[in-house]
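To keep things clear, I will list the structure first and then write my remarks on it.
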Amino acid sequence: MMNLNRTVVTEFLLLGFSTSPERQVLLFVALLAIYLVTVVGNLLIILVTLVDPVLHTSMYFFLSNLSALEVGYTSVTVPKMLVSLISGDKHISFAGCAMQMGFFLCFGSTESSFLATMAYDRYVAICNPLCYTMIMNKKVCVLLAATSWTIGIPAQVVQTGLVFTLPFCSSREINHFFCDPAPLLLLACADTSMNETLTYIMVTFFGMVPFALILLSYIRIITTILMMPSAEGKKRTFSTCSSHLIVVALFYGSGILLYLQPRSSEFPDGAKLLSLFYTVLPAMLNPFIYSLRNRDIQMSLKRNMWKKMFPR
């Protein structure tokens with residue numbers, strides 16, 4: 001019977017938000033605008049950091065990687081949601097659902113790793129400035145970036161595989177706008193305690209551990225800044241890491257609210273809305289946070305725009 005249940009599952013139905021058709025049109029327009037801003041803004045940061053030699057430093061190398069990650073992160077869920085909103089077709093294939101979940105989980109663990117890596121970069125720059133270029137050389141930066149991109153892949157592939165090898169009941173309706181583990185486990189006709197335990201382990205290892213490393217880095221950074229004699233020096237030094245702190249607060253704040261809430265038999269629109277914010281809001285705001293609060297990127301944009309408008 002269990003094998004039969006596994007073979008008949010060919011697709012799921014993503015219920016999305018329980019809103020009227022008029023509101024669905026508004027949601028489509030808002031999501032499309034957010035997605036376009038996210039993609040264009042993050043691609044612009046990648047382009048600027050590539051073409052401007054002034055930005056060829058470890059901090060902007062990691063920032064360009066984070067921007068590329070944000071484009072992928074939002075592209076896993078938002079395009080499918082846009083198609084569902086405009087066409088009314090909420091079906092997703094079994095394989096498509098598994099791929100969506102796998103990429104979403106991998107990108108989530110990668111973002112946590114990159115935020116921790118960027119915190120370490122700021123720690124070295126502020127607490128060990130004389131050794132900064134020696135410690136954060138090109139080889140180390142590439143190694144840290146490669147580790148951040150790949151460290152979560154094996155574990156998240158295993159987690160995704162364990163979810164999709166479960167026998168599912170007659171209902172194929174996922175009460176969400178994408179294939180998230182929590183609402184999918186509610187459809188299983190088997191004991192999911194091992195999956196839930198594994199989820200908490202993954203959240204701890206790929207979420208809480210990087211967050212703890214970020215906190216430790218900033219405790220040392222703030223201690224070092226407070227010991228500086230000049231108020232102007234304190235302000236200038238803190239400004240180099242304030243953008244990163246805002247991004248960390250957005251990513252972990254919404255993530256903690258989302259994944260530490262009690263599990264229930266339903267997934268209400270409030271939880272789905274919070275999940276949507278967690279998915280799209282940090283990615284959309286990152287370019288604004290780093291461009292509006294970063295003098296180097298502002299100057300680079302002005303230089304490159306000037307060259308385009310008035311070429312020699």
Side-chain angles (χ1 to χ4, degrees), residues 42 45-70 106-155 204-252 282 286-287 289-291 293-300:
N42 282 288
I45 285 184
I46 295 171
L47 181 63
V48 168
T49 55
L50 285 175
V51 300
D52 196 334
V54 175
L55 302 182
H56 290 177
T57 64
S58 60
M59 183 173 78
Y60 296 108
F61 171 72
F62 293 131
L63 177 58
S64 63
N65 274 267
L66 182 65
S67 293
L69 170 66
E70 299 292 22
C106 287
F107 282 139
S109 58
T110 299
E111 180 149 4
S112 293
S113 300
F114 263 116
L115 291 176
T117 299
M118 294 171 77
Y120 174 71
D121 175 72
R122 292 298 83 207
Y123 159 74
V124 177
I126 294 171
C127 299
N128 297 284
L130 298 179
C131 302
Y132 178 63
T133 54
M134 181 179 67
I135 296 174
M136 300 301 294
N137 57 60
K138 184 177 181 180
K139 184 178 179 180
V140 170
C141 290
V142 171
L143 180 61
L144 288 172
T147 302
S148 296
W149 277 107
T150 58
I151 190 171
I153 293 176
T204 300
F205 187 78
F206 294 110
M208 294 299 104
V209 170
F211 184 59
L213 294 175
I214 292 169
L215 283 179
L216 288 174
S217 296
Y218 274 103
I219 288 172
R220 294 294 304 275
I221 288 170
I222 292 171
T223 302
T224 302
I225 291 175
L226 291 175
M227 293 173 63
M228 293 179 177
S230 165
E232 182 62 28
K234 293 178 182 178
K235 182 180 178 181
R236 186 172 60 251
T237 303
F238 185 75
S239 68
T240 64
C241 54
S242 59
S243 298
H244 179 256
L245 270 174
I246 295 171
V247 172
V248 168
L250 279 172
F251 180 77
Y252 280 101
N286 279 3
I289 292 169
Y290 281 105
S291 61
R293 301 183 62 86
N294 190 295
R295 184 174 176 80
D296 290 338
I297 290 183
Q298 290 176 11
M299 296 301 296
S300 178

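Atoms considered below: every heavy atom in the structure, side chains included; atoms not considered: hydrogens, waters and symmetry mates.
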Rounded to the nearest 0.5 angstrom, the CG-OG distance for Leu115 and Ser148 is 9.5 Å

Under the 3.5 angstrom rule, does the side chain of Asp121 hit a backbone N or O of Thr117 as a donor-acceptor pair?
-> no

Straight-line distance of Ile225 CD1 to Cys241 SG, nearest 0.5 Å = 5.0 Å

Considering all heavy atoms of both residues, which atom of Ile221 and which atom of Ala119 are nearest to each other, and what is their separation?
-> CD1-O, 4.2 Å

Is any side-chain heavy atom of Leu213 less than 4.5 Å from a side-chain heavy atom of Tyr123?
-> no

Quick one: closest heavy-atom pair of Cys141 and Ser58, and the distance?
-> SG-CB, 3.3 Å

d(Ile222 CD1, Leu215 CG) to nearest 0.5 Å is 9.5 Å

On a heavy-atom basis, the closest approach of Pro210 and Gly207 is CD-O, 3.5 Å

On the 0 to 90° scale, with breaks at 30° and 60°, tag the Phe211-Tyr252 ring pair as parallel, tilted or perpendicular.
-> tilted

Do you know the tightest heavy-atom contact between Leu66 and Met118?
-> CD2-SD, 3.9 Å

Report the distance from atom OG1 of Thr224 to atom OH of Tyr218, rounding to the nearest 0.5 Å.
-> 12.5 Å

Closest contact, heavy atoms only, Ser243 versus Ile289 = OG-O, 3.5 Å

Any donor-acceptor pair under 3.5 Å linking the side chain of Ser112 with the backbone of Phe206?
-> yes

Within a strict 4.5 Å, meaning less than it, do heavy atoms of the Tyr60 and Val48 side chains meet?
-> no

Atom CZ of Phe205 with >12 non-hydrogen neighbours under 6.0 angstrom = no

Would you mind writing out the side-chain donor-acceptor pairs for residues 228-235 within the sub-3.5 Å range, not counting sequence neighbours?
from	atom 1	to	atom 2	distance (Å)
Ser230	OG	Glu232	N	3.2
Ser230	OG	Gly233	N	3.1

Between Cys106 and Gly152, what is the shortest heavy-atom contact and its length?
-> SG-O, 4.5 Å

Give a yes-or-no answer on whether the side chains of Glu70 and Asn42 include a donor-acceptor pair shorter than 3.5 Å.
-> no

Would you check if the side chain of Asn137 reaches a backbone N or O of Met134 as a donor-acceptor pair within less than 3.5 Å?
-> yes

Side chain to side chain, Thr57 and Met136, heavy atoms closer than 4.5 Å | no

Point-to-point distance, once rounded to the nearest 0.5 Å, from OG of Ser67 to CG of Asn286 = 6.5 Å

Taking C-beta and beyond as the side chain, do Leu245 and Phe238 meet within less than 4.5 Å on heavy atoms?
-> yes

If you measure from CZ on Phe114 to CG on Leu69, what distance do you get to the nearest 0.5 Å?
-> 7.0 Å

